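Notes for the one structure printed next.
A, B, ... follow the sequence lines: proteins, then strands. Residue 1 opens every chain. What you see is a predicted model; the values in this text were computed from it and never measured.
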There are 2 protein chains.
Amino acid sequence: MDRLETRELAYFLAVADELHFGRAADGLGITQPALSKTIRQLERRLGVALFERTSRAVTLTEPGHVLAHEARTALDAVSAATERTRRAGTRDPRLILAMKPGGDAGLLPAILAAYQHEPDVLQIEVVFGGDRARMVREGQADAALLYTPSDDARGLDTEMLLSEAPLAVLPASHPLAHRATLRMADLTDENLHKHDPAGDSAKGSISELMHLIALGRTVAVLPQSLTTPLREDLTTVPVTDIPPSVLQLAWPAHSTSLSVAALARAAAKAAAADNTSPSAIRSLRGTAR
Amino acid sequence: MDRLETRELAYFLAVADELHFGRAADGLGITQPALSKTIRQLERRLGVALFERTSRAVTLTEPGHVLAHEARTALDAVSAATERTRRAGTRDPRLILAMKPGGDAGLLPAILAAYQHEPDVLQIEVVFGGDRARMVREGQADAALLYTPSDDARGLDTEMLLSEAPLAVLPASHPLAHRATLRMADLTDENLHKHDPAGDSAKGSISELMHLIALGRTVAVLPQSLTTPLREDLTTVPVTDIPPSVLQLAWPAHSTSLSVAALARAAAKAAAADNTSPSAIRSLRGTAR
DNA sequence: CGCGACCAATAGCCTGAAGGAATGGACCGG
DNA sequence: CCGGTCCATTCCTTCAGGCTATTGGTCGCG
């Protein structure tokens, strides 16, 4: 049983994404016949049909769907191997922590401070990125601050730092502003701005959003940490029927790095201290699953 | 930045394991110069030295150690892709559950029964294997019953089923047999049989071990479920300073299979029912970490 | 029905990279 | 200083991956 090559997996994924041999070949910088031949050979080697082809359309078979999924994680693992090996070879290795701007719930200074007291510390470099889970999976970062359920931390080890109740942000004058709690159904009439953590780009986007809310143009549901400090003319109401946003530190599941372990300990310590501080009204549990 | 090929990773691992180009090449079925050339090229592509060579000895550099680790998980992921795709192509796909004989703490019947009531069920096939975590990682099994800390479940999703206190098994006449609890230090004088879950082969090994204990030839520390039923002439005493053996169901971290999800639900349900049953004296927490 | 557009598969050829055989060079032990 | 060990280098061969050109099947449209 010979082993698949990453080239074959990458070629397959190109076709699986495009569902079109010609365009996929273009994207790969090779010609269509070469690609067709490779995919055919892949199917022969696996003993399984991956695509259903007609001269009009290409679709994935059931095994094709499985391979599309598995191939992605396998290629991620190969990329990670390259990346981490390269980084291990640099003169002064750093610990790269991925987060999104403001995505630390104010916890980062405490984490960094606690980290300095750990053994086996490296210089920490904070980088900002969109798909932070992927950065960790591909080895571009050693750890990341993620929010579940919006980020997908599967395949990573995680340490839960804090759980934040989702808050609806409303104008102080809004009819629902006096309610003790809300359900999502209460907000269906509003022009709801669904918070998409992955899509955030500029740092100003939150304050812009707040501005729009104050103008009555929209309302939003955000994790608590993003709502402070809150403008005078806005108010927040907990939403009870969506799961809380959980901030967690994530790192590669098979990590053996002492530095990453130290960071995890530091983060846990900082989060524990924060959770017991009087200013925090946290760990409200959502009801949805 | 071109992508590494699995061939390169496999060749590298062969050398990393043997620390000898000639023997590694033998094992791979190629000649030594071909292997040397490939490794050199790999080092050039990564921009990093992987081995320290003298004509007398070959050793891994620091980046080499990193790659050895990363390459293994990457190759596992590729194997898993192959394996799962092939299995998805078989006529009637089954759900393969890996365990070791007797390694279910008596929970398997309840799990299977609960599973039948779930939606999206497949036929379950139980297989026995030594390195069950690896079987899941490589796609030879869809789920496994593992014991932590002896099995390494990193990189897998898990559901904790039950936690068992470690019990010292002694002849009833043993001087320590009357103690309420023991520490490992108490047993240093004995000819202690360290339980190695991975090394278990035949089903008879436990009863043979019990026989040896009854003869006073050895004593053993085992998770509770392996000690029942207990011979008349033996007794057990909890050991407090080693971590409890935790039985868990593990499956690939990035699984999207409805059937695996159903099995996880079923196992959780069966374990919950078992934990509340009067016969169980479980979840004793160990103190070690 | 016939024609063109579209798209994957096939055929035939070429190039480069993987591998083999022979050899060189460094090191060590006797 | 010689022989053995082991990795690197050189040179040659083979074949798999890629390209161009073409075929064959299907759909849409006049």
**Report entry** B:Ser36 and B:Gln32 side chains, donor-acceptor separation under 3.5 Å
**Finding:** yes

**Report entry** Rounded interatomic separation in angstrom, taking NZ from B:Lys37 and C1' from D:dA8
**Finding:** 12 Å

Query raised in the report: Does OP1 or OP2 of C:dG19 have a side-chain N or O of B:Arg7 closer than 4.0 Å?
Result: yes

Query raised in the report: Roughly how many Å is it from CD in A:Glu52 to P in C:dC7, rounded to a whole number?
Result: 18 Å

Report summary line: Separation of C:dA8 atom C1' from A:Tyr11 atom OH, nearest Å, is 18 Å

Requested in this report: Examine D:dC19: is either OP1 or OP2 under 4.0 Å from a nitrogen or oxygen in the side chain of A:Thr31? Give yes or no.
Outcome: yes

Query raised in the report: Want to settle it: does A:Arg53 or B:Ala34 sit nearer the 5' end of DNA chain C, counting the closest nucleotide to each?
Result: A:Arg53

Query raised in the report: Would you say a side-chain N or O of B:Ser36 is under 4.0 Å from OP1 or OP2 of D:dA8?
Result: yes

Query - salt bridge (Lys or Arg N to Asp or Glu O under 4.0 Å) between A:Glu8 and A:Arg40, worked out - result: CA-CA 10 Å; A:Glu8 305 179 273; A:Arg40 274 252 176 272; over 6 Å; no

Query raised in the report: Within the structure shown, what part of the strands sits under 4.0 Å from B:Phe51 by heavy-atom distance: base, sugar-phosphate, or nothing?
Result: nothing

Report task. Could you state the atom-to-atom distance from CD of B:Glu8 to C1' of C:dG19 in whole Å? Result -> 14 Å

Report summary line: Whole-Å distance, B:Leu28 CG to C:dG19 P, equals 9 Å

Query raised in the report: When the nearest nucleotide of DNA chain D is assigned to A:Gly29 and to A:Gln32 on a heavy-atom basis, which residue is associated with the more 5' position?
Result: A:Gly29

Report summary line: Judged by nearest nucleotide, the residue sitting upstream toward the 5' end of DNA chain C, A:Arg56 or B:Pro33, is A:Arg56

Report summary line: To the nearest angstrom, the NE2-C1' distance between A:His20 and C:dA9 comes to 14 Å

**Report entry** side-chain N/O B:Gln41 vs C:dA18 OP1/OP2, d < 4.0 Å
**Finding:** yes

**Report entry** Ion pair check, B:Asp17 and B:Arg72, cut-off under 4.0 Å
**Finding:** yes

Requested in this report: Starting from C1' on D:dG17, measure out to CZ on A:Arg45 and report it in whole angstrom.
Outcome: 13 Å

**Report entry** Residue B:Phe21, side-chain atoms from C-beta onward, closest of D:dA8, C:dC27, D:dG18
**Finding:** D:dA8

Query raised in the report: Between the side chains of A:Thr59 and A:Glu52, does any donor sit under 3.5 Å from an acceptor?
Result: no

Report summary line: Rounded to whole Å, CD1 of A:Ile39 lies from P of D:dA16 at a distance of 18 Å

Report summary line: Between B:Asp142 and the options B:Arg94, B:Arg132, B:Arg87, the salt bridge (charged side-chain N to carboxylate O under 4.0 Å, His left out) test singles out B:Arg87

